[in-house]
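Reminder, nothing fancy here: chain letters follow the sequence lines and each chain counts from 1.
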There are 2 protein chains.
Amino acid sequence: MTYCVGLRLNRGIVFASDTRTNAGFDNIAVFKKMHVWEWQGDRVIAILTAGNLAVTQAVVSLLDEQIKNGADDDGHTLQTVSTMFQAARLVGAALNDVQKSEGEALGLTAANFSASFILGGQIKGEEPRLFQIYNEGNFIEATDDTPFFQIGEHKYGKPILDRVAESHMRMGEAAKLVLLSFDSTLRSNLSVGMPIDLMIYRNGTFEVNDSRRIEQNDAYFLGLSDAWSNALRSAFAGLESYADSDTT
Amino acid sequence: MTYCVGLRLNRGIVFASDTRTNAGFDNIAVFKKMHVWEWQGDRVIAILTAGNLAVTQAVVSLLDEQIKNGADDDGHTLQTVSTMFQAARLVGAALNDVQKSEGEALGLTAANFSASFILGGQIKGEEPRLFQIYNEGNFIEATDDTPFFQIGEHKYGKPILDRVAESHMRMGEAAKLVLLSFDSTLRSNLSVGMPIDLMIYRNGTFEVNDSRRIEQNDAYFLGLSDAWSNALRSAFAGLESYADSDTT
């Protein structure tokens, strides 16, 4: 499986993705699931991927080839579209293309053929925008009501996001929140694994502001994980016990 | 869906189950998913159920009829078996019976036909024991390494259990922990709903020690939920922010 989060704030967007892929429990590998295109001063576009690796890699390669070769059928690429909405349509169309061209063969071998994406970034003339693109190529956009999207193994890390995520958060706080959501997921599910790729994009900068691979032994992440465990346990201990049944 | 937890401690067992069943989003009802048999001074046996309601109700009815009519094919009932292991086999056999007798018709209507159970309690001569019974009728038993079982929509409420559950907990603390696990699940998933049925069994008492339905407006649960939210937010705020990127 996979775990990816995109969190859209007033100040920008935080992206994070794990790197574990597995075909069975004894065939585990590290693959980057975060792909960033940066044209400084004009646009930054990031994609996080979940699902069948052959499909998601093909989609990213297709988008890359469009940029290098100039265009898709309609003459657009991630470099030339004028809005993030158009970028989302481009990704959806690329997904449909891959599914059409490889779908029959993949269907024949009964491979799990689903894929989903988080797409976010900023194109000059717009605010930063964040989308979740489904397996069918259609998509939804994040709003202030629901500022984050998750794909992959999303349930373990959702409660902390549900409680804490707010559009007005500072970027450092938001990155901390996203990493805690990963920490909960990593502890409870083997199919999500370190390292974590983290990228921070700040509103109006039109460049990647912070991009880092957080390894197993990352001092900040280890400290955060420990401090959170301790804080949770002491928060738990501070709550009133059930009934008066605490005598035994 | 459903959410049920059984947590086995040195001092006894805490059981909890939600009560929401749904056939589509517009057909929601309240059904008890906790069934307790009590023969004071001799044994207390509780079952929590998840999955197809027709199947789980039929299994419970079958176990009840065996008790009233005297025996299953081998002459055993929940009242007469001498160990909780035998009780687990009885439940597994009842599940297989129901699946055999109603499976064909249910299969024809494409109903989701799966069911799973948490079974726990104490029979005189044994320590309290806790089992998870799968759809196939086979089962596993909780140990000190993994003192809890969850069935149904289990992922949201697992991180807090993973971090805090310990065999040496006091019963009141354990009940608090189980209710917090429900709180996380209720907040993130609509298919799990109040009220919650809670039952506490203390080692060596051979009677139900505390059995309560926790309603939507339960003062303790509401207070716990609020206090936990506040404690989580302040624990979050107390952790070091990511990098020095907190300036914007």
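Proximity to chain A is absent for every atom of Ala174(B), based on heavy atoms less than 4.5 angstrom apart. For a residue to count as touching a neighbouring chain, one of its non-hydrogen atoms must lie under 4.5 Å from one of that chain's; by this rule Leu161(B) does not touch chain A. Interface residue Asp183(B): backbone and side-chain heavy atoms are both found under 4.5 Å from chain A. Of the two parts of Tyr156(A), the backbone and the side chain both hold a non-hydrogen atom closer than 4.5 Å to a non-hydrogen atom of chain B.
With hydrogens and angles ignored, the 3.5 Å screen pairs no side-chain donor or acceptor of Ser188(B) with any backbone N or O of Lys158(A). With Arg233(A) contributing its side chain and Arg163(B) its backbone, the two residues share a donor-acceptor pair below 3.5 Å.
Annotation: maximal heavy-atom pairing with chain B below 4.5 Å, among Gly12(A), Ala235(A), Pro159(A), occurs at Pro159(A). Contact count against chain B (heavy-atom pairs under 4.5 Å) is highest for Leu198(A) among Ile160(A), Leu198(A), Val178(A). Per-residue heavy-atom pair counts under 4.5 Å with chain B were compared for Ala231(A), Gly157(A), Ser184(A), Ser234(A), and the maximum is reached by Ser184(A). Counting heavy-atom pairs closer than 4.5 Å to chain B, the top-ranked of the candidates Leu177(A), Asn209(A), Leu179(A) is Leu177(A).
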Before you tell me yes or no, could you show the steps for Ser241(B) and Met171(A) under side chain to side chain contact (heavy atoms under 4.5 Å, CB included), namely the whole-Å CA-CA distance, both residues' side-chain angles and the distance that decides it to 0.1 Å?
CA-CA 9 Å; Ser241(B) 209; Met171(A) 299 304 285; over 6 Å; no
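Considering only heavy atoms from C-beta on, Glu240(A) stays 4.5 Å or farther from Lys176(B) through its side chain. When side chains are defined from C-beta on, Lys155(A) does not count as touching His154(B), because their heavy atoms never get closer than 4.5 Å. Under the 4.5 Å side-chain criterion, counting only non-hydrogen atoms from C-beta, Leu232(B) is not in contact with Val164(A).
Between the side chains of Arg212(B) and Tyr242(A), at least one donor-acceptor pair of N or O atoms lies under 3.5 Å.
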Listing, residues 132-139 of chain B side-chain donor-acceptor contacts under 3.5 Å, not counting sequence neighbours, or none:
from, atom 1, to, atom 2, distance (Å)
Asn135(B), OD1, Gln99(B), NE2, 2.9
Asn135(B), OD1, Ala115(B), N, 3.0

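Considering all non-hydrogen atoms of both residues, Glu173(B) and Phe236(A) come closest at O-CZ, 3.4 Å.
To the nearest 0.5 Å, atoms CG (Asn230(B)) and CG (Leu239(A)) are separated by 10.0 Å.
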